[in-house]
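The structure under discussion appears below in the form of structure tokens.
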Amino acid sequence: MKRYVYINDDESAHDLYCDNRISNRKYTVLNFIPKNLWEQFSRFMNQYFLLIACLQLWSLITPVNPASTWGPLIFIFAVSATKEAWDDYHRYLSDKKANEKEVWVVRNGIKKLIQAQDIHVGNIVWLRENDEVPCDLVLIGSSDPQGLCYIETAAMDGETDLKTRVIPSACMGIDVELLHKIKGVIECPTPNKDIRRFDANMRLFPPFIDNDICPLTIKNTVLQSCYLRNTEWACGVAVYTGNETKLGMSRGIPEPKLTAMDAMIDKLTGAIFVFQIVVVMVLGIAGNVWKDTEAKKQWYVLYPDKGPWYELLIIPLRFELLCSIMIPISIKVSLDLVKGLYAKFIDWDHRMVDLETSTPSNATNTAISEDLGQVEYILTDKTGTLTENKMIFRRCCISGIFYGNENGDALKDVELLHAVSSGSPDVVQFLTIMAICNTVIPTQSKTGDILYKAQSQDEDALVQAAAHLHMVFFNKSGNILEVKFNSSVLQYEVLETLEFTSDRKRMSLVLRDCQNGKILLLSKGADEAILPYARTGQQTRNFVEAVEQYAHLGLRTLCLAWRELREDEYREWSLMFREANSTLVDREWRVAEVCQRIEHNLEVLGVTAIEDRLQDGVPETIETLRKAGINFWMLTGDKQNTAIQIALSCNFISPEPKGQLLSIDGKTEDEVRRSLERVLLTMRITTSEPKDVAFVIDGWALDFALNHYRKAFTELAILSRTAICCRVTPSQKAQLVQILKSCDYRTLAIGDGGNDVRMIQQADIGVGISGREGLQAARAADYSIGKFRFLKRLILVHGRYSYNRTAFLSQYSFYKSLLICFIQIFFSFISGVSGTSLFNSVSLMAYNVFYTSVPVLVSVLDKDLSEETVIQHPQILFYCQAGRLLNPSTFAGWFGRSLFHAVVVFLISIHAYAYDKSEMEEVSMVALSGCIWLQAFVVAMETNSFTILQHLAIWGNLAGFYAINWIFSALPASGMYTIMFRLCRQPSYWISIFLMTAAGMSPILAIKYFRYTYRPSKINTLQQAERLGGPILSLGTIEPQPRPLIEKDVSTLSITQPKNRNPVYEPLLSDSPNATRRSSGTPFDFFQSQSRSSLPNYSRNCKDN
Amino acid sequence: MSSSGAAGAGSTDSTAARRNTKRPKYSKFTQQELPACKPILTPRAVISAFLLVSVVFVPVGVASLLASRKVVEIVYRYDSKCIPKNVTNKVAYIQSSADKACSITLNVTKHMKSPVYIYYQLDNFYQNHRRYVKSRSDEQLRKRGEENETSTCKPEDMVNGRAIVPCGLIAWSLFNDTYSFSVNKRNLTVNKKGISWKSDRNHKFGKDVFPKNFQNSSIIGGAHLNESIPLREQEDLIVWMRTAALPTFRKLYGKIEEDLKEGELVNVTLNNNYNTYSFNGKKKLVLSTTTWLGGKNDFLGIAYLTVGGLCFFLALAFTIVYFVKPRQLGDPSYLSWNRNPGGH
């Protein structure tokens, strides 16, 4: 399917395609109530409660007042509907803001300011500098004479560097005025979500050009949500609008997330439901049989001979209602409440506040905290998530002299400052290269400060550093660069720019020094791309050493070099360069070859070292979480080498010989397949070895793997604890999450940029770093934190506690409702199986609402282990991951406990209150008191740490029970008038209650004590160790030595660094995947030592060693 | 969550807004740092808890058992004895209008101190049946004006279009056997005042509510009521209307306010009117004294002794195990984390 876009055609396209109105709303005003109700009722529990509530309206069968179910039901529904409405209203507001933004659009040949939502396909949209692109455009004009414009795509793919886009050749050179009148047709694919491909054609109508078809690629487009930078203006034709833009298509509706725990609770609820149905059927049949045999003889019951046709159903339905409390409606309310509180604890946590920006952590999604404790895979972005995304010039080595080694900051090195002020020629030349050998554009702000617009963070760091050392690059006009050094202005004229490619790994400038007319070649690049081309005779050993030393420190190194060109040499080369630049076939290769002809015989000046600082605490966080049994995957849009480098420095992968990194790549499908199989084979063999095996794959290979070898890749994913995926697109990130999820793993995705949004939404838990790249990820995420290291606390402390607390709370909720339900069932056997409720409506309602929910709600304060112990022994998270605290077998324990307690309470109350005491209300209150006492002791026994609030809630609740009942007993109108006073005066009441408590609790205490002492779980052991004090200290000895705190100074990192790392020079522009993907090279074992001494001549095969 | 759409739109200003957010308030609660006591189950604590329970429970059990034993109780089942031998159809007999007087003799085996309570005990009588237990109208019983509040009383709500007071199955099936007692030809006075709960008399049954249209329907259930006495003074009805939770129950009939001496023979003349024959229910006459724990009931004493004994046994067992096979709590050797990292 194709779409034909007629440029600047005001009529035809209007109806064909949607306008540019963005809508993320789920509801409209009209459909809100039905749709929301429908959604809520798609949950089984809600359907169940509705059914029960409706049945209760039938007074013939209801044992209790219908309000006891309707009240909570309506409350629950109202709360979640309000929340949905609120969210949707905010989505509406933000849509509206985007839709009503004003943009310049050509209408009827005239530029007009209209709202963004009125853009139609085919309209010409004009953008000024720093405008946000309102829809997907095909460029047709730009202020740049070469037809270039720069855009920032951070919102889309998270890459912060500027990218160049170019107008199609067909539109080159069209006058600005004529652009208003341009007509033509663009043939493009139907809307899709691929942000790296746009295969289209354009044909302009006469008089602009003859009927040649001009091919378009993604380089000719600017996509929605990008920003136009460093370009005065640009204009383009809208091709995709509204929700059909590439961004809109890749957005996808986030599904509501359900925690594993919720799923388990639902499952258990289902089991209880089945049990309930069985009970109801058995009792219903028994009831009908009893009615037909016995009840007919019981004259005082006065059963009519013939009942209505539905007579057979009455007793089963009565039992259904009687047993309906088996599934406690309070569980939903209490779970929502405690989940809200878990989220609040995260918001409140002072230890998760980013002090730099004073950003507190925030739980947007309040419903999934338990899942944090069950995470098995963490998929993390790199830039901005693991690193600070802040490049800083740290050290340098100029002509063999190291600067910045003492204090870790060359800018503060006295010797360097001294060398600068004394004007040492090498240093000055070094600074010159730092300042101008780049594509940075300086701009002057209103206050006179110089701001640099750099396409790469490295260049920015270098220029900033140079400016700090009094070499201020302050103006670039056309080809003239102006540099201020010690108050003298130096001018250079750029003659040629030898651009960076990932194969060349260096860039050079040819320029003329306007002071003396000399022609200079300035180069900077990776060491292996510069050092081999040093002037014959120059000793490069110094520099090799420097590079190695810096690499060990985890710094990114660049070598700077220069040479003077003779006039004729330049002339001759310049011709070849021009020629190569205009070739049509293999241009990139030809240009590279020509460049190499001049980039030799270089005078190497020195090495710079730039730090892309890891965030504080990243390595420890990863190590701790990995000890907790969590697997890490790194998904980055970055290049392979950079990714590996960062992975090494943050403990992500271990260096040889402990670790091994396998690479999956290949240019063709077949190569990818072979590579994948090989890696899989290795992986299978090495799973038994205690070796950290990881694999690395790039986006290109991943594409094949995901589309054609999904099964093999899935197996690999399961086998591998660590993986690095480079150059992956946002949708591939989401697909990877999907693969892990399909294997039933709990995934957590963490990222900071717009490119992580899909992954974050797809994963079970999305965590956003509210960082430098805006708040996109943080807003889409379930949790937003300020720094990566908070993840440790988020998972180990908040996630784990949430899981434990919910596990207790949910099972306890079932326990207490089963308890009272079993008593009702037992009672039905002595009440002629007629469905009489032993307890009155007030008691039943208050039992769920007050007596039993208050104590359990304070279990949100319970801590089985202290935070320190958990952090020290992260392995304990295993109990949560494996779901050891809430599963059918633990649930069976609680089920048995409630059955046992029901037997105890029932037998004791009917025997102690037999004969003359067997008054209905009294027996009912005795049994109820027994339940309340038992449940108070059960909560007390299951509580690990008692704060004042717990004591208040547990024992205060017990007192509250009596208070409430005394109040009811004081009301003459109530059925229980005087009952409680009467009971409290009887010794036999208290004796019975203590008997129930002792008989109910002592077996449980005995079993718990036995297990605790003789079959302790690891949690128990740690509890004992923690509270008895002494042994906890010696625990350290059996653990691997606690890591020394990594000091801020990077130098300590060197311990863990491998010997030979590739210093990687980050390319300036990330081009289409095809252009750069070769940089990742062929299969290689990363740690296999690469011989540095061999000097590969430049050829396109140089990486295919 | 899905607001990525409007994307960059509000990104800058909301960034600014976010920067302004202050640090959350600090309190021990919000930081989950409330001081807490964290008890653990040490052998000492657990064993002493069990010992304590047994030490408390055994004496209480002995005391309850003694109290129960102190109660003197005479139980006499008369439902079959009070049917003439020649009657084959017991139900027809009981429903007939024949004179159903019957005389029985109770032997006082032990001195019974005043007051001696007279109970009648019914077995297999389901006062807790759902149809039965709900068939009453408390409003009607309490207030004269509410006498038409009979909707809950079905099927004994109206007769000939007029409301029955008191309505419902419970009142309708009021027990109607009567007893009179004599010792050595001397009649014993049975005090029938104050056998019902005072609260019921004062608040649940109106002093101006008189029986109306009672037992006027085609089927007659139990006792008739004197229409000139207000419900508040019909104590047999008030006692009967306190429904029993169990199918075997005793209801207070009256009190004999003098001692019965050992060896005395009590002659009871009773009118055997109440039909328990159609459902094979037993009828028993009970004379009983009472103690602080109530009537004769060994259950609590035995249960206390059992639980106390069990706890003692557990304490003993745990102590033995503790000495024979001591375990160090928090032994780090249990803490090996050598599980398979990936597997579950």
Side-chain angles (χ1 to χ4, degrees), chain A residues 22 24 91 94-95 97-98 132 155 225 251 254 297-302 348 350 353 358 360 629 757 774-775 779-780 830-832 834-836 875 882 911-912 915-916 918-920 923 945-947 972 978 987-988 991 995 998-999 1002 1006 1009 1012-1013 1021 1023-1025 1027-1028 1031 1035 1038, chain B residues 1-11 14-15 23-24 26 30-32 34 36-38 40-41 46 53 119 126 128-133 155 169 173 199 203 242-247 249-250 278-279 292-295 299-300 303-304 307 311 314 327 329-330 332 334-335 337 341 344:
Chain A
I22 300 165
N24 292 301
R91 282 194 284 266
S94 68
D95 287 351
K97 201 166 167 189
E132 192 192 349
S225 84
R251 189 151 46 222
K297 296 185 209 154
Q298 314 271 2
W299 56 269
Y300 50 89
V301 179
L302 216 61
W348 285 332
H350 266 236
V353 176
S358 76
V757 168
L775 289 166
R779 268 189 288 156
I830 60 161
S831 64
S834 57
T836 318
Q875 293 92 332
H911 281 106
Y915 304 119
D916 54 309
S918 80
E919 201 278 323
M920 188 87 169
V923 173
S945 63
F946 290 91
T947 66
T978 70
S988 57
I991 286 185
L995 179 62
S1002 56
Y1009 167 74
Y1012 194 80
T1013 314
T1021 309
Q1023 276 173 344
Q1024 294 157 1
R1027 314 237 163 118
L1028 296 176
L1035 285 176
I1038 58 153
Chain B
M1 274 199 298
S2 68
S3 61
S4 70
S11 130
S14 71
T15 310
R23 292 185 60 175
Y26 178 89
T30 59
Q31 301 308 306
Q32 306 189 57
L34 287 173
C37 97
K38 303 173 172 181
I40 55 166
L41 299 176
V46 172
V53 171
Y119 300 97
Y126 289 88
N128 56 12
H129 193 279
R130 193 192 140 89
R131 250 179 99 79
Y132 187 85
V133 81
L169 289 173
S173 60
S199 60
H203 293 102
R242 276 272 152 208
T243 50
L246 306 178
F249 59 88
R250 287 173 187 176
S278 56
F279 52 88
W292 59 275
L293 206 54
F299 173 78
L300 280 177
Y304 259 73
V307 170
C311 286
L314 280 173
R327 278 271 178 133
L329 284 184
Y334 298 128
L335 276 184
W337 305 105
H344 300 299

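What's counted below: heavy atoms across the whole structure, side chains too, no hydrogens, waters or symmetry copies. Below, chains carry the letters A, B, ... as their sequence lines are ordered, and counting in each starts from 1.
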**Asked** In Å, rounded to the nearest 0.5 Å, how long is the span from NE2 of H350(A) to OG1 of T30(B)?
**Response**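 Going from NE2 on H350(A) over to OG1 on T30(B), the span is 6.0 Å.
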
**Separation between CD of Q298(A) and CG of L169(B), rounded to the nearest 0.5 Å** = 12.0 Å

**Message:** Given heavy-atom pairs under 4.5 angstrom as the criterion, report whether the side chain, backbone, both or neither of V923(A) touches chain B.
**Reply:** side chain

Kindly indicate whether the side chain of [X], heavy atoms from C-beta on, has any atom under 4.5 Å from the side chain of [Y].
X	Y	result
S173(B)	W299(A)	yes
T1013(A)	L41(B)	no
Y915(A)	F249(B)	no
I991(A)	L293(B)	yes
V53(B)	S1002(A)	no

Closest heavy-atom pair and its distance - [X], [Y]:
X	Y	value
H129(B)	S834(A)	NE2-CB, 3.3 Å
T947(A)	A36(B)	CG2-CB, 3.6 Å
T836(A)	V133(B)	CG2-CG1, 3.8 Å
K38(B)	S945(A)	CG-CB, 3.6 Å
L302(A)	P155(B)	CD2-CG, 3.6 Å
E919(A)	R242(B)	OE2-NH1, 3.0 Å

**Item:** Residues forming a ring-ring contact (aromatic ring centres under 6.0 Å, His included) with Y1012(A), sequence neighbours excluded
**Value:**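 Partners of Y1012(A) by the ring-ring contact (aromatic ring centres under 6.0 Å, His included) criterion come out as none, since no residue qualifies.
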
**Request:** Go through the structure and list residues passing ring-ring contact (aromatic ring centres under 6.0 Å, His included) with F946(A), not counting sequence neighbours.
**Result:** H951(A)

Which atoms of [X] approach chain A - backbone, side chain, both or neither, heavy atom under 4.5 Å:
X	answer
C37(B)	both
Y119(B)	side chain
L34(B)	both

**Message:** Centroid separation under 6.0 Å, is that true for the rings of Y300(A) and Y126(B)?
**Reply:**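 No, the ring of Y126(B) stays outside the 6.0 Å limit from the ring of Y300(A), centre to centre.
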
**Message:** Take a 6.0 Å sphere around CZ of F299(B) and say whether it holds more than 12 heavy atoms from other residues, nucleotides or ligands.
**Reply:** yes

**Prompt:** Out of A1006(A), A999(A), P972(A), which one racks up the most heavy-atom pairs below 4.5 Å with chain B?
**Reply:**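 Maximum pair count with chain B is reached by A1006(A).
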
**Message:** If we ignore hydrogens and angles and just use 3.5 Å, is the side chain of R1027(A) paired with the main-chain N or O of I40(B) as donor and acceptor?
**Reply:** no

